[in-house]
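Excluded from the calculations below are hydrogen atoms, water molecules and symmetry mates; all remaining heavy atoms, backbone and side chain alike, are included. The structure displayed is predicted, hence computed values, not measured ones.
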Amino acid sequence: MVRGTAPVITELNERSREIFRRVVESYVETGEPVGSRTLSRLPNLSLSAATIRNVMADLEECGLLYAPHTSAGRLPTQAGMRLFVNGLLEIGRLAEDERTHIDLQCRASGRSVEQLLAEALTTLSGLSRCAGMVVAPRIQRSLKHVEFVWLGPRRALVVLVTEDGVVENRILDLPEGVDRSTLVEAGNYLTARLAGRSLDAMREEITDELEQQRTTLDSLTRRVVEAGLATWAGGESPAPLIVRGQSHLLEDVTAVEDLERIRALFEALETSEQFLRLVDLTREADGVQIFIGAENELFGVTGCSMIVAPYRDSRECIVGAIGVIGPQRINYARIIPMVDYTAKVIGRLIGQP
C-alpha cells in the first residue's frame, strides 16, 4: 500500500476498517471531529485509546482521515468518504412510512408531468432535509411538416413545424450536387413519416430504414435526410430543471465563508448548465450515482455531495433524473434508497397510459 494514497478497502485490516467506519459514522451523525478516547468508550469496540490513536494515525497517513486543527479529533477526507461509500456503507431499507408518504404524494391523478415532478421533489427534499432537484423530460412535440429551404449552393434551412404551431429551424450544410428538387423530395419523405409523431420517437426507425435501403430515395436525397436528422441529434432544447428546498443547505452552515460557498452553489444551480451535464452522467450507468465534494467542479468549493438516480419511461428509456444535494456528511445509507425509490415511482407513473 502506498502511503499518502487512499487504499482500497480490502487493503485495510479488520481493526482499521472498524475504527474507520466508527469515525465516519460519528461524523455523519454529528459533523464533529472524533477522538480516540471517545471511540474507546463506544460499545462493542474493545480497544484502548492508545491503540485507536495509533490506527487513526495510520489512516491519516493513508489519506483517509485528517485533523482539522492541532489536538483535535479526526474527520474523514473526501477520499475517505468515497472509500466508505464504496466499500463499507450498509445501505438501509426505506422505512415503510417514508415509502407510503412518497407513494401518496406522487399520485398522478389529474396532474401534469411537471406537477407530478414538483410534488415528488418537494416530498424528497422534505424527507431528506436536502436540496432536491429534478430534470424533467423534454417535451416531445408531434410534428406537422418538415421542409428544406434552399439558401444557395450547399446550404439549406431545415424547418420543423409542430402540430401546435411551433416552428423551429436550423442551418444545414448540404452534400455536393444537391439541388432544389432533392430538398423537396427529402422534405416530403420526412413529412410522410413524421406527421403526427415526434422526431425522437421516429428517428431510430427512419435511420434503420435508410440503412437497410428499403426506400426508393437516391443517394443524394438519402444524405440530405440523414444530415437533417443529425442537426437535431443531441441538440434539443435543454431539459427543464426544477429545484426545491435550497434552504436545507443552510442548516449546516456555521461560518460566513461557508455561507458564501453555498450562495455560489445556488448561483450555479440557477444556470443549471453544469448540473445538467452532471446528470447526463447518469445516462451512462445504471442506478443511483453518488458525487462527493470536489469529485465534480460544481461541488468542489462547497463540500457538498449529490445523490441522483435516473427515471425511465414506459419504453425503459432514461428521460430524466431526480436527486438531492446535501452536506458531504449526508446520511447516505438512508437517502440512497429514498432517491432510488422516488425515481422508480416517477418512472412508473409517467409510464402509465
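Listed by chain and number, the residues in a side chain to side chain donor-acceptor pair (under 3.5 Å) with D179 are S181, T182 (sequence neighbours excluded).
I325 is not listed as a side-chain neighbour of C130, based on a closest heavy-atom distance of 4.5 Å or more. Proximity of D103 to R348: side-chain heavy atoms (C-beta onward) are separated by under 4.5 Å at one or more points. No side-chain heavy atom of L104 sits under 4.5 Å from any side-chain heavy atom of T123. Side-chain atoms of Y311 and V345, non-hydrogen and from C-beta on, never get closer than 4.5 Å to each other. Put simply, the side chain of L220 reaches to within 4.5 Å of the side chain of P175, judged on heavy atoms. At a threshold of 4.5 Å between non-hydrogen side-chain atoms, the residues R21 and F84 count as touching. A 4.5 Å side-chain heavy-atom check between R180 and F148 finds every atom pair outside the cut-off. Side-chain contact between M338 and I102: present, with at least one pair of heavy atoms (C-beta onward) separated by less than 4.5 Å.
Evaluation of the salt bridge (Lys or Arg N to Asp or Glu O under 4.0 Å) test over residues 28-38, restricted to residues two or more places apart or in two chains, returns none.
Scanning both residues, V23 and P76, for their nearest heavy atoms gives CG1-CD, 4.3 Å. Of all the heavy atoms in I292 and V85, the pair that sits closest is CD1-CG2, 4.0 Å. The two residues S128 and V324 come nearest to each other via the heavy atoms OG-CG1, 3.7 Å. When all heavy atoms of P68 and G73 are compared, the closest pair comes out as CD-O, 3.4 Å. The minimum heavy-atom distance between V225 and A186, with the atom names listed, is CG2-CB, 3.8 Å. What you find for V308 and A321 is that their closest heavy atoms are CG2-CB, 3.9 Å.
One distance of note links SG of C304 with CZ of R329; it measures 11.5 Å at 0.5 Å rounding. In this structure, CZ on R223 lies 10.0 Å from CG on L174, to the nearest 0.5 angstrom. Here the CG atom belonging to L89 is positioned 8.5 Å from the CE atom belonging to M81, to the nearest 0.5 angstrom. Distance check, rounded to the nearest 0.5 Å: CG of L88 to CD of E18 gives 9.0 Å. Between the CZ atom of R17 and the CD atom of E14 there is a distance of 6.5 Å, given to the nearest 0.5 Å. Put simply, CD1 on I330 and CD1 on I290 are 9.0 Å apart, with the number rounded to the nearest 0.5 Å.
A donor-acceptor contact shorter than 3.5 Å links the side chain of T100 to the backbone of E96. T191 places a side-chain N or O within donor-acceptor distance of the main-chain N or O of V146, the cut-off being under 3.5 Å. Side-chain N or O atoms of R74 include none that pairs as donor or acceptor with a backbone N or O of L65 at under 3.5 Å.
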Practice problem: Could you please spell out the steps behind the side-chain contact (heavy atoms from CB on, under 4.5 Å) verdict for I19 and L47? | Solution: CA-CA 10 Å; I19 292 174; L47 296 171; 3.9 Å; yes
Quiz item: Going through the distances and angles, do E119 and C106 end up as a side-chain contact (heavy atoms from CB on, under 4.5 Å)?
Solution: CA-CA 6 Å; E119 190 63 51; C106 293; 5.8 Å; no
Quiz prompt | L143/L160 under side-chain contact (heavy atoms from CB on, under 4.5 Å): CA gap, chis, key distance, verdict | solution = CA-CA 7 Å; L143 296 175; L160 297 184; 4.2 Å; yes
Practice problem: Begin from the C-alpha positions of Y189 and E209 and carry the test side chain to side chain donor-acceptor pair (under 3.5 Å) through to its verdict. | Solution: CA-CA 12 Å; Y189 171 83; E209 183 176 308; 2.9 Å; yes
Exercise. Starting from the C-alpha separation in whole Å, work towards a yes-or-no answer on side-chain contact (heavy atoms from CB on, under 4.5 Å) for L75 and V24.
Key: CA-CA 7 Å; L75 292 173; V24 175; over 6 Å; no
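Between the side chains of E90 and Y332, not a single donor N or O lies within less than 3.5 Å of an accepting N or O. Counting only N and O atoms by type, the side chains of S16 and N13 include a donor and acceptor under 3.5 Å apart. Side-chain atoms of S305 and Q328 include no donor-acceptor pair closer than 3.5 Å. Side chains of S125 and T122: a donor-acceptor N/O pair is absent below 3.5 angstrom, by distance only. Remark: the T221 side chain and the D218 side chain contain an N/O donor-acceptor pair separated by less than 3.5 Å.
Figure legend: cation-pi geometry between R99 and Y341, with NZ or CZ positioned under 6.0 Å from the six-membered ring centre and within 45° of its axis.
In this structure, V184 is not a member of the same hydrophobic cluster as V178, with clusters built from ILVMFWY side-chain heavy atoms closer than 4.5 Å.
A salt bridge is defined here as a Lys NZ or Arg NE, NH1 or NH2 lying under 4.0 Å from an Asp or Glu carboxylate O, and D173 with R155 meets this definition. In summary, E205 and R193 do not engage in a salt bridge, as defined by a charged side-chain N under 4.0 Å from a carboxylate O.
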